[in-house]
Amino acid sequence: MLDVIKLLPDSVANQIAAGEVIQRPASAVKELMENALDAGATQIDLVVKDAGKALIMVLDNGCGMSETDARLCFERHATSKISKADDLFCIKTMGFRGEALASIAAIAQVELKTRRREDEVGTCIVNEGSLVKEQSLIPMAVGTTFTVKNLFFNVPARRNFLKSAQAEMRHIVEEFTRVTLMNPEIGFTLTSDGKEMYHLYPGTLKQRIMGLFGSNYEEKLLPVSQETDRVRINGFIVKAEYARKTRGEQYFFVNKRFIKHAYLHHAIENAYLEMIPKDSFPGYFLNIEVDPSDIDINIHPTKTEVNFLDVKLVYAILHAAVRKAIGQHNLSPMIDFEEPADLNLDFSEASKASRPVVFPNIPLDPSYNPFPQHRKSSPGDWRLLYGERTDTRTDMQTGTRAELLPDMMTDINKGVEHHDHPVGESHPVSQYLQVNQSFIVTTVKSGLLLVDQHLAHTRILFEKFLKELENKNGASQQELFPQAFSVNPNDASLLKEMLPELENLGFVLEQANPTTFMINGTPSDAAGCDAVELLERILDNYKINRTDLQLDRKLNLAKTMAAQIAVKPATKLTEMEMQNLVDQLFACNVAEVAPNGKKIYAIVTIDELLTKFN
Ligand code: ADP
Ligand code: MG
C-alpha cells in the first residue's frame, strides 16, 4: 500500500488557520488595528464598506515596513514581535503569533502600502489568496495602509454564514471600541459607507469613554485605582444607579488586551454588594496591569482568554478596588440636610457650638399657620399634621419599635451632616413625618426627601450583618426559654454547614438530636422576631442561592436576615426612630439602593415642587 500522508500546501494551511483567527469582518478589523498599535501609530483610521464584507481599510502613521518585510509579513508564523519560545512569557505587544496577515491574505484580496521613515519611497504589494500578485514602489507618507477587499471571496461557505450587515457592523464597532478604549492617547476614526461614525481625539481614558459612549458618561463614572507590587488596576466603573438591563458596557482588559474572564467578572459584580437589581448589570472599563510573566495569553488564537498565575489574588485585589471606588463615592455627602441660617433660634451659645442644630423649613413660631385661609377655621390642626408631640414615649407604648438599632449610632457622622436636635431640648415642630406608616418625609436643602422605611432599614441591617460576618462579632441575646427547631435530615446538614456564620451573627444553636436544634440565643437585632421563622427563611434562601463562593454565602445570609428583620411597611414609627433611621441610612456605604436593588429614597426637588404649582 502507498503512503497516504501529504503535507498541505501553504495556501490550504493558511485557510485552515484563517478559520480560527478570522471568523468575520470584525476579526480582521481587530487584527489590523492591533498591528497598527504595535507599529507605534499615533493616528489610526478605519474605513469599512458594507460592514466590512466589501472593504476594510486601516491606515496608520506607525513605523512602516521595509520592502522585504512587506513581502514576508504575509507568510505564516512571520512576526517581528517574538523570536524564541521564552519570549512568549514576556509579551508586550498585541500580536505575537504571526498568523493574522497570513490568514487574512488566504481568504481575501489584500493590498499593502507601507513606508518607513528611513526609506524614500514606499512599497505596494497586492496579495490574493496567499499569492503575491503585484509589487511596486510608490510615493507615500510614513506608515502603513492595509486594504482588505472581498473577505471570504474564496470560502463561500464562510461568506454565506455572515450575519446581516447591521449585525456585522455591530461586531466591528465592538472591536473598534475595545481597541480604542485602552489607547486614549491615540487618535482614531471609524468611517462606514462614507459616513464618519466616530472621531476620537487623543485624550484621557475618561474622555475616550465619553467619546465612545456619550458625554453624559461624565457623571456616570467612578474612578478605580489600586496598586500592589504585582497588580495594578485602573479605570472606571459605572455608578450602580446607572446599571443596565444588558451586559453592554463591560470592558475588562489585561495589559490593555480585551479579555473575557467569568471569574474576574464575578469579582466586579460582587463588589457592587447587590446594589443593583438581579436583572441588571454594572458597567465597567477596567485595565489590570500585571507582569507579562504572570499570565499566559497564548491559550486561544483570538487571544481573548488569559490564564493568571495567581487568579485568586487578582480576584481579591479587583474586588477590593471596586469596593473602594463605590465606598468612596457613597461616602461623599450627596444630600445636604437643611440648615437655614436666618432662623432666630433661642438656644444657648454653648449648645450651638457643640452641636450643629439643623431645622427644616417648618417655621418655629407655633402660632404661625402656613395655610392662611385656614387660620381661623381650624387653628392648630396643621400642628397635628406636623406631629407636634413632646413625648415620643406614647408612641412606643402603641407598639412601635422603640429602639431602632441604638448600637449603630456610632457610625452616624460618617457621611452626612448631623441634623440632630439638641439633647433634652424639646423641639417645637417635627422634622420627620410618616406617610402611610411606610414612608418617612423630611426636608433637605434641595427639596423633600422621601424614604422607604423598610428598604432603608434593610440596607442598614444588611451592611451591619456583613460587617459582623466579617468581624465575627454579632451580638447575641440569650433566650430564656430556648425553642426547638426541627428540620429534615437534609436541612440539618445544611444548617450545620452554616453554623459558623450563624454564630458570627449572634445565633447560639445547639444540636439536640440529628434533626433538632435548640435555639439558645438569637442576634440581638432580631429581638421580637420569630427565631424559628427566621431560620426557616435563612435555610430556604440558602437552598435557592447556594454557591461555592464564601463571599456569596455571606451576602445571601446578610440579605435574608436584613429583609426578614427590618421594620415592615405599615409600622408606626416615632420621630426619634425616623430620625435614627435616616441618619443611619446615610451613614451606610450605599444609601441609594436596598440589597434587592430597589431604590430606597427619592428627592422631590424644589423645582419639581414649583412646577406642580405653576
Ligand atoms: P503578529 O502581529 O502576530 O506579529 P501579523 O500577521 O499580524 O503577526 O503581522 C506580521 C508582521 O507584519 C508583524 O509582526 C509586523 O512586523 C508586520 N506588520 C503588520 N502590520 C503592520 C503595520 N501596520 N505596521 C508595521 N508593521 C506591520
Ligand atoms: Mg498582528
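Ligands are counted one by one from 1 in listed order, and the atoms in each one are counted from 1 as well.
- Residues Val48 and Met169 form a side-chain contact, since some pair of their non-hydrogen atoms from C-beta on lies under 4.5 Å apart.
- Every atom of ligand 1 is numbered from 1 in the order shown, and the set under 4.0 Å from a heavy atom of Arg97 is 3 (O).
- For ligand 1, the atoms closer than 4.0 angstrom to any heavy atom of Phe146 are 20 (N).
- Heavy-atom proximity to atom 4 (O) of ligand 1, evaluated over Thr79, Leu59, Thr144, is greatest for Thr79.
- Looking only at distances, no side-chain donor or acceptor of Arg116 sits under 3.5 Å from a matching main-chain atom of Gly122.
- Proximity of Asp38 to ligand 1, defined as any heavy-atom pair under 4.0 Å, is not found for any part of the residue.
- Between the side chain of Lys239 and the backbone N or O of Glu219 there is at least one donor-acceptor pair closer than 3.5 Å.
- Considering backbone and side-chain N/O atoms, Gly98 comes within less than 3.5 Å of an N/O atom of ligand 1.
- Using modelled atom types, no side-chain atom of Asn596 and backbone atom of Leu455 make a donor-acceptor pair closer than 3.5 Å.
- Nearest non-hydrogen protein atom to atom 15 (C) of ligand 1 is Ser80 OG, 3.5 Å.
- With respect to atom 25 (C) of ligand 1, the closest heavy atom belonging to the protein is Ala39 CB, 3.6 Å.
- To the nearest 0.5 Å, atoms CD1 (Ile237) and CG (Leu286) are separated by 7.5 Å.
- Rounded to the nearest 0.5 Å, atoms CG (Leu137) and CD (Glu120) are 11.5 Å apart.
- Remark: Arg459 engages Glu463 in a salt bridge, criterion side-chain N to carboxylate O under 4.0 Å.
- Annotation: cation-pi pair Lys256/Phe253 absent, no NZ/CZ under 6.0 Å from the ring centroid and within 45° of its normal.
- No donor-acceptor distance shorter than 3.5 angstrom exists from the side chain of Glu34 to the backbone of Glu31, with no hydrogens or angles considered.
- Among all protein heavy atoms, the one lying closest to atom 2 (O) of ligand 1 is Lys81 NZ, 2.7 Å.
- Residue Asn35: an N/O/S atom is found under 2.8 Å from the Mg ion (ligand 2).
- The ligand atoms of ligand 1 that sit less than 4.0 angstrom from a heavy atom of Ala100 are 6 (O), 7 (O).
- Ligand 1 lies nowhere less than 4.0 angstrom from a heavy atom belonging to Glu31.
- Here the rule is ring-ring contact (aromatic ring centres under 6.0 Å, His included) with Tyr198, and of Phe188, Phe213, Phe176 only Phe176 fits it.
- Residue-ligand proximity, Ala78 to ligand 1, at heavy-atom distances under 4.0 Å covers atoms 10 (C), 11 (C).
- For the pair Phe74 and ligand 1, no heavy-atom separation below 4.0 Å is found.
- For atom 23 (N) of ligand 1, the closest non-hydrogen atom on the protein side is Asp60 OD2, 2.9 Å.
- Of the possible donor and acceptor atoms, one in the side chain of Asn61 sits under 3.5 Å from a partner among the backbone N and O of Thr42.
- Nearest to atom 20 (N) of ligand 1 among the protein's heavy atoms is Asn35 CB, 3.2 Å.
- Of all atoms in ligand 1, listed by their number and element, those nearer than 4.0 Å to a heavy atom of Gly95 are 2 (O), 3 (O).
- Polar contact check, Leu101 against ligand 1: a nitrogen or oxygen pair lies under 3.5 Å apart.
- The nearest heavy-atom contact from the protein to atom 17 (C) of ligand 1 is Met65 SD, 3.7 Å.
- Remark: Glu174 does not engage Arg170 in a salt bridge, criterion side-chain N to carboxylate O under 4.0 Å.
- Of all atoms in ligand 1, listed by their number and element, those nearer than 4.0 Å to a heavy atom of Cys73 are 12 (O).
- The ligand atoms of ligand 1 that sit less than 4.0 angstrom from a heavy atom of Phe96 are 1 (P), 3 (O).
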